[in-house]
Peer 1: 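Before anything else, here's the structure in question.
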Amino acid sequence: MRQPNIVLVMTDQQRWDALASAGVFPVETPTLDRLCAEGTWFRRTYAQSPICVPSRMSFFTGRYPHQHGCLDNDTSVWPEAPSFVRSLRDSGYHTAAVGKLHYTWFHDLEIPVSGELLRRFGFDEAVETTGKMSQGNLRASAYSEHLRDKGLLPAYHQDLMARSEAGPLEAYARRPSMLDEDDHIDGWVLGRAEEWLHDVATDKPFFLWVGPPGPHDPFDPPAPWADRYRPEDMPLGPLSYRYPVESDAISAAIPDASPRQIQEMRTQYLANVSFIDDRVGRLLDVLQQRDLLADTWIVYCSDHGEMLGDHRLIWKGQLLDPAIRVPLVMRPPDNWPHPRGRSSDALVELIDVPATLLDLAGAQLPGGQGRSLRPLLEDVTTGGPAVHRETAAAELGTRVMVTDGRHKVITTDRAVALDRVFDLADDPDEECDLVSTDGADLPAVESLHDIARQLTASAPADLATPWRHSTPYQRWGRNPLREPTVQ
């Protein structure tokens with residue numbers, strides 16, 4: 001039997017409930033609705049880190065962050081490191097990527113000349129971009145050259161710095177993006193992916209990674225999407241500021257934000273989600289026009305979530321569910337003989353996705369810790385949640401999170417002690433920390449703490465010390481790329 005084609009869409013910073021099927025937000029995602037109806041939605045999927053690079057390096061290598069060593073956004077694994085993409089290529093796939101990988105662009109080596117590294121990592125061809133550059137740093141890529149060719153680059157950079165300075169709470173006032181749908185980075189990436197699918201040869205199976213950099217901040221949807229939602233229609237999550245942000249966290253506190261400001265911010269984030277969803281729908285259209293849906297898997301996920309004002313926190317860098325849980329929908333080929341249109345409450349780790357793709361392709365990733373979801377995808381039972389994993393784990397620096405679906409523990413450095421404990425059944429919004437109320441002395445909690453302590457021993461580090469990025473401006477004492485242009 002021929003190996004199936006695979007199209008993987010990985011957004012950046014999309015929380016698990018930012019899709020219509022979750023029923024939490026009044027967000028329109030007809031493409032995701034279709035994928036859920038024609039596939040399986042895994043509702044309790046945990047990324048292995050709430051930060052871009054550690055999560056993505058786990059996805060590529062099938063390993064936990066402490067194994068591959070990338071604990072922050074300033075590192076990457078070496079190009080010879082184990083990679084599920086290389087495993088697919090070695091098993092006969094033509095492999096390609098369009099959009100954000102977050103592999104080379106933080107390093108001195110600029111993206112336009114990084115093709116050889118990506119080939120060594122497993123991609124036959126790649127058009128890599130940066131993310132949405134929320135810090136205002138502008139790096140060269142095919143996308144920046146697209147803007148340059150159209151005379152948009154200087155104005156876009158100024159707008160980027162202004163949005164970075166203003167922060168996400170001002171996203172509503174600054175709507176819409178100065179760029180139209182086709183020039184916006186998400187539209188541009190998905191447009192290039194659409195072209196690739198239109199032209200790709202089908203004499204061998206293909207794997208395409210599609211990486212729209214949204215809905216990551218800055219929350220800057222283009223017109224007409226920016227006016228899609230009304231602030232007054234946005235629900236609010238927990239608003240007590242209980243969990244102060246640590247100095248090294250990639251998140252921020254907004255303790256003084258009004259409920260209205262949080263609602264306004266949410267309209268722009270969700271508008272970006274809907275814009276991406278619309279453009280992903282065009283990928284399905286091309287596949288359908290070319291009669292490729294019959295033997296193509298479509299997978300939609302994200303690298304981590306977004307706090308989006310819950311607990312008066314924004315961005316990522318937290319082991320709380322809004323930042324660590326992600327959407328995961330898998331749509332099988334039309335010729336798949338097993339059930340469709342299902343949702344699963346089984347505990348899933350994001351590294352289970354590449355393990356599943358390799359299983360479907362008949363390939364393997366040496367040392368990978370992921371578990372194939374194929375048994376769940378093929379399961380014909382309709383009872384309670386099937387057991388895929390007893391627990392799911394994630395890491396932030398040297399802190400560890402482990403949950404069994406009912407209880408959730410977050411440890412201090414290297415799992416020495418318990419930092420926070422939640423009963424997710426009674427407290428799904430994580431408002432009552434059982435450690436602070438002396439309610440954490442439970443056998444289930446101690447068992448989870450033991451699992452957290454044993455994680456590094458049960459899955460020891462097995463890769464070389466990662467590649468640490470070095471950017472010139474770190475030695476300059478200033479970054480002129482972020483300084484306003486003198487008129």
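Residue numbers start at 1 and run along the sequence shown. Only heavy atoms go into these numbers, but all of them, side chains included; no hydrogens, no water, no symmetry mates.
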Peer 1: Counting only N and O atoms by type, is there a donor-acceptor contact under 3.5 Å from the side chain of S302 to the main-chain atoms of V326?
Peer 2: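 A pair under 3.5 Å: no.
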Peer 1: Measure across L71 and T75 and return the closest heavy-atom pair with its distance rounded to 0.1 Å.
Peer 2: N-OG1, 4.0 Å
Peer 1: Let's go through H216 and K316 carefully: what are the C-alpha distance in whole Å and the side-chain angles of both, what is the deciding distance for side chain to side chain contact (heavy atoms under 4.5 Å, CB included) to 0.1 Å, and is it a yes or a no?
Peer 2: CA-CA 10 Å; H216 193 293; K316 48 202 173 188; 3.1 Å; yes
Peer 1: When you look at D72 and R468, which way does the side chain to side chain contact (heavy atoms under 4.5 Å, CB included) test go after all the steps?
Peer 2: CA-CA 10 Å; D72 54 40; R468 179 156 292 276; 3.3 Å; yes
Peer 1: Please confirm whether the backbone N or O of L293 pairs with a side-chain atom of T296, one donor and one acceptor, at under 3.5 Å?
Peer 2: no
Peer 1: Would you confirm whether H388, through its side chain, and D345, through its main-chain N or O, come within 3.5 Å as a donor-acceptor pair?
Peer 2: no
Peer 1: Does the side chain of Q263 pick up a donor-acceptor pair with the side chain of Y172 at under 3.5 Å?
Peer 2: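 Looking only at side-chain atoms, Y172 and Q263 do not form any donor-acceptor pair under 3.5 Å.
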Peer 1: Working note: T129 + V189, criterion side chain to side chain contact (heavy atoms under 4.5 Å, CB included); need CA distance, chi angles, decisive distance, verdict.
Peer 2: CA-CA 8 Å; T129 69; V189 164; 4.2 Å; yes
Peer 1: In terms of side-chain heavy atoms, does T31 have a donor or acceptor partner in D277 at a distance below 3.5 Å?
Peer 2: yes
Peer 1: Using salt bridge (charged side-chain N to carboxylate O under 4.0 Å, His left out) as the criterion, point out the one residue from D310, D321, D303 that pairs with R15.
Peer 2: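 Running salt bridge (charged side-chain N to carboxylate O under 4.0 Å, His left out) over D310, D321, D303 with R15 returns exactly one hit, D310.
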Peer 1: Between Y103 and F121, what is the ring plane arrangement, given parallel below 30°, perpendicular above 60°, and tilted in between?
Peer 2: parallel
Peer 1: Can you name the closest pair of heavy atoms from P50 and E395 and give their distance?
Peer 2: CD-O, 3.5 Å
Peer 1: Does a side chain donor of either S251 or Q318 reach within less than 3.5 Å of an acceptor in the other side chain?
Peer 2: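 Side chains of S251 and Q318: pair found under 3.5 Å.
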Peer 1: What do you reckon, are the aromatic ring centroids of F275 and H184 less than 6.0 Å apart?
Peer 2: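 Yes, close enough.
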Peer 1: Is Q14 reaching over with its side chain to a backbone N or O of A18, donor-acceptor style, under 3.5 angstrom?
Peer 2: yes
Peer 1: Would you please name every residue forming a ring-ring contact (aromatic ring centres under 6.0 Å, His included) with Y269, sequence neighbours left out?
Peer 2: F219
Peer 1: How many angstroms lie between CG in L197 and CZ in R192, if you round to the nearest 0.5 Å?
Peer 2: 12.5 Å
Peer 1: Between the side chain of S83 and the main-chain N/O of V85, is any donor-acceptor distance below 3.5 Å?
Peer 2: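 Such a contact is found between S83 side chain and V85 backbone.
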Peer 1: Check whether any side-chain N or O of E306 sits under 3.5 Å from a backbone N or O of L308 as a donor-acceptor pair, and report yes or no.
Peer 2: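 Indeed, once roles are kept as given, a pair shorter than 3.5 Å links the two residues.
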Peer 1: Would you say the ring centroid of W16 lies under 6.0 angstrom from that of F42?
Peer 2: no
Peer 1: Any donor-acceptor pair under 3.5 Å linking the side chain of T45 with the backbone of V348?
Peer 2: no
Peer 1: For a quick test of reading the model, state the closest non-hydrogen atom pair linking V402 to A393 and the distance between them.
Peer 2: CG2-CB, 4.2 Å
Peer 1: What do you reckon, is CG of N335 surrounded by more than 12 foreign heavy atoms closer than 6.0 Å?
Peer 2: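 Check passes, neighbour count above 12.
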Peer 1: Identify all side-chain donor-acceptor contacts of residues 223-231 below 3.5 Å with residues at least two apart in sequence or on another chain.
Peer 2:
from : atom 1 : to   : atom 2 : distance (Å)
W225 : NE1    : E181 : OE1    : 2.9
D227 : OD1    : R175 : NE     : 2.7
R228 : NE     : E28  : OE1    : 3.2
R228 : NH2    : E28  : OE1    : 2.8
Y229 : OH     : E28  : N      : 2.8
Y229 : OH     : S274 : OG     : 2.5
R230 : NE     : D233 : OD2    : 2.9
R230 : NH2    : D233 : OD1    : 3.0
R230 : NH2    : D233 : OD2    : 3.4

Peer 1: Suppose we screen for side-chain contact (heavy atoms from CB on, under 4.5 Å). Which residues come up paired with A394, at least two apart in sequence or across chains?
Peer 2: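 By the side-chain contact (heavy atoms from CB on, under 4.5 Å) rule, A394 matches L319, I324, M401.
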Peer 1: Could you give all pairs that pass the ring pair (Phe, Tyr, Trp, His ring centres under 6.0 Å) test and reach residues 304-328, with sequence neighbours left out?
Peer 2: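 Ring pair (Phe, Tyr, Trp, His ring centres under 6.0 Å) check on residues 304-328 returns Y243-H311.
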Peer 1: Assess whether a salt bridge exists between R453 and D450, defined as any Lys/Arg side-chain N lying under 4.0 Å from an Asp/Glu carboxylate O.
Peer 2: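 Yes, this pair counts.
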Peer 1: Testing the basics here: between C301 and L350, what is the closest heavy-atom pair and its distance to 0.1 Å?
Peer 2: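 The pair with the smallest heavy-atom distance is CB-CD1, 4.2 Å.
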Peer 1: Taking the basic N atoms (NZ, or NE/NH1/NH2) and the acidic carboxylate oxygens, is any pair closer than 4.0 Å for K100 and D186?
Peer 2: no
Peer 1: What do you reckon, is CD of Q364 surrounded by more than 12 foreign heavy atoms closer than 6.0 Å?
Peer 2: no
Peer 1: Output the distance between atom CZ (F84) and atom CG (L358), rounded to the nearest 0.5 Å.
Peer 2: 7.0 Å
Peer 1: Mind checking salt bridge (charged side-chain N to carboxylate O under 4.0 Å, His left out) for D278 and listing every partner two or more places apart, or none if nothing turns up?
Peer 2: none
Peer 1: The test is side chain to side chain contact (heavy atoms under 4.5 Å, CB included); show your working for N272 and D220 and say whether it passes.
Peer 2: CA-CA 7 Å; N272 205 158; D220 62 343; 4.0 Å; yes
Peer 1: Tell me if the aromatic rings of W297 and F207 count as close, with their centers under 6.0 Å from one another.
Peer 2: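 Centroid separation for W297 and F207: 6.0 Å or greater.
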Peer 1: Rounded to the nearest 0.5 Å, how far apart are CZ of R331 and CG of L284?
Peer 2: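 Answer rounded to 0.5 Å: 6.5 Å.
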Peer 1: Can you tell me how far apart CG (L463) and NE2 (H66) are? Round to the nearest 0.5 Å.
Peer 2: 10.5 Å
Peer 1: Quick check against the 3.5 Å criterion: does D12 have a side-chain atom that pairs as donor or acceptor with the backbone of G214?
Peer 2: no
Peer 1: Just say parallel, tilted or perpendicular for the rings of H338 and W336, cut-offs at 30° and 60°.
Peer 2: perpendicular
Peer 1: Within the side chain of S58, is there an N or O that forms a donor-acceptor pair under 3.5 Å with the backbone of R63?
Peer 2: yes
Peer 1: For the pair R420 and E430, find out whether any cationic side-chain nitrogen is under 4.0 Å from an anionic carboxylate oxygen.
Peer 2: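 The answer is no: the pair does not qualify as a salt bridge.
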Peer 1: Hey, what do you get for CG (N73) to CE (M57), rounding to the nearest 0.5 Å?
Peer 2: 9.5 Å
Peer 1: In plain terms, say whether D359 and R374 are close enough for a salt bridge, that is, a side-chain N and a carboxylate O under 4.0 Å apart.
Peer 2: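 R374 and D359: salt-bridged.
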Peer 1: What pair of heavy atoms forms the shortest contact from L376 to S344, and how long is it?
Peer 2: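 For L376 and S344, the tightest heavy-atom pair comes out as CD1-OG, 4.3 Å.
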Peer 1: Is any side-chain heavy atom of C432 closer than 4.5 Å to one of T437?
Peer 2: yes
Peer 1: Of the non-hydrogen atoms in D379 and P339, which two are nearest, and what is the gap between them?
Peer 2: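 Closest pair (atom of D379, atom of P339, distance): O-CG, 3.6 Å.
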Peer 1: So does E390 have more than 12 non-hydrogen atoms from other groups sitting under 6.0 Å from CD?
Peer 2: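 Atom CD in E390 is not packed in, count stays at 12 or less.
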Peer 1: Using a cut-off of 6.0 Å, state whether more than 12 heavy atoms not belonging to R260 lie near its atom CZ.
Peer 2: yes
Peer 1: Is S49 reaching over with its side chain to a backbone N or O of P54, donor-acceptor style, under 3.5 angstrom?
Peer 2: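 Such a contact is absent between S49 side chain and P54 backbone.
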Peer 1: Look at R406 together with D423 and state whether they make a salt bridge at an N to O cut-off of under 4.0 Å.
Peer 2: yes
Peer 1: Distance from L179 atom CG to D159 atom CG, nearest 0.5 Å?
Peer 2: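 Separation between the atoms: 7.5 Å.
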Peer 1: Ring pair (Phe, Tyr, Trp, His ring centres under 6.0 Å), that's the test. Do F59 and W209 meet it? Break it down for me.
Peer 2: CA-CA 12 Å; F59 196 90; W209 173 300; 5.8 Å; yes
Peer 1: Going by an N to O cut-off under 4.0 Å, is there a salt bridge joining R389 and D352?
Peer 2: yes
Peer 1: Can you sort out the partners of D404 under salt bridge (charged side-chain N to carboxylate O under 4.0 Å, His left out), two or more places apart, ordered by chain and number?
Peer 2: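 With sequence neighbours excluded, D404 shows a salt bridge (charged side-chain N to carboxylate O under 4.0 Å, His left out) to no residue whatsoever.
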